[in-house]
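Reviewing the structure listed below.
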Amino acid sequence: MKKVILSVLVAGSLLATSCKKAKEAGDDVKNATEAVANDAAEATEDAVEATKEAAEDVAESVESAIEGVTIPEFEDPKVAEHLKAYAEYAKDYIEVKGDVVKNSELAKRSAELVEEGKEIVANLDDEAKKKYNEVMTAIQSKMAPAK
């Protein structure tokens, strides 16, 4: 009888101990789940904010006639108009595969755009010049393969 009682007590103590550990493990899982949920919520908020900022950047820029080149917004609308005109010229240039000799109208437009560009750049501040030059470089890089 002593062996049976002793066995029941040992089994009971093991059972009580294991239940306590299971409860602690359950609490750990609950805390970990809450932490992951909070991290996911913060990441979602960050992603939404980044998307809003990207949408604002796109709204401030204009797509040019050449795929992959966007024209940012400038204080002087003449700058953006000139870049759009240059992008149109570049598109036509690419279509004729860079042969401006055969197309006199294209050669004339090129000369006009160069002169107009010099006048526009002379009136820009350093930051606007940098943006202007970045766009011009992007457009001209698309024109280079046409030769």
Side-chain angles (χ1 to χ4, degrees), residues 8-147:
V8 169
L9 288 175
V10 169
S13 66
L14 288 175
L15 185 61
T17 304
S18 65
C19 287
K20 184 177 179 182
K21 288 182 180 177
K23 182 179 179 188
E24 289 174 0
D27 289 341
D28 290 344
V29 170
K30 179 182 174 186
N31 292 340
T33 303
E34 288 174 355
V36 169
N38 290 337
D39 290 345
E42 289 175 12
T44 302
E45 290 173 7
D46 291 345
V48 167
E49 186 64 32
T51 303
K52 286 180 182 178
E53 289 174 7
E56 289 172 1
D57 289 345
V58 169
E60 291 178 358
S61 62
V62 177
E63 196 66 31
S64 71
I66 297 179
E67 185 176 327
V69 177
T70 55
I71 299 171
E73 191 172 294
F74 290 89
E75 287 182 24
D76 186 0
K78 290 181 182 179
V79 178
E81 290 174 19
H82 172 72
L83 288 171
K84 287 178 195 175
Y86 196 85
E88 284 293 327
Y89 160 75
K91 182 179 178 184
D92 294 342
Y93 178 89
I94 292 169
E95 287 175 0
V96 297
K97 300 192 182 345
D99 194 2
V100 292
V101 175
K102 291 182 180 177
N103 191 336
S104 61
E105 182 181 320
L106 201 57
K108 182 179 173 185
R109 270 179 57 200
S110 173
E112 290 171 359
L113 288 170
V114 168
E115 287 302 314
E116 185 180 332
K118 287 179 184 177
E119 292 172 13
I120 287 175
V121 170
N123 297 326
L124 295 177
D125 62 2
D126 290 339
E127 184 179 330
K129 280 182 187 178
K130 183 180 176 187
K131 286 194 314 186
Y132 176 87
N133 287 332
E134 288 173 355
V135 174
M136 286 298 286
T137 301
I139 291 171
Q140 289 171 349
S141 69
K142 299 285 184 174
M143 292 171 64
K147 290 184 177 183

Looking at CG of Asp92 and CZ of Arg109, how far apart are the two atoms once the value is rounded to the nearest 0.5 Å? 4.5 Å
Looking only at heavy atoms, what is the nearest atom pair of Ile139 and Leu83, with distance? CD1-O, 4.0 Å
Write out all pairs satisfying side chain to side chain donor-acceptor pair (under 3.5 Å) with one or both partners inside residues 119-128, taking only residues at least two apart or from two chains. none
Name all residues meeting the salt bridge (Lys or Arg N to Asp or Glu O under 4.0 Å) criterion together with Glu115; count only those two or more places apart in sequence or in a different chain, and write none if there are none. Lys118
Identify all side-chain donor-acceptor contacts of residues 129-138 below 3.5 Å with residues at least two apart in sequence or on another chain.
from   : atom 1 : to     : atom 2 : distance (Å)
Lys131 : NZ     : Glu73  : O      : 2.9
Tyr132 : OH     : His82  : NE2    : 3.1
Asn133 : ND2    : Lys129 : O      : 3.2
Thr137 : OG1    : Asn133 : O      : 2.7

Given Tyr86 and Gln140, is the side chain to side chain contact (heavy atoms under 4.5 Å, CB included) satisfied, shown in steps? CA-CA 10 Å; Tyr86 196 85; Gln140 289 171 349; 3.3 Å; yes
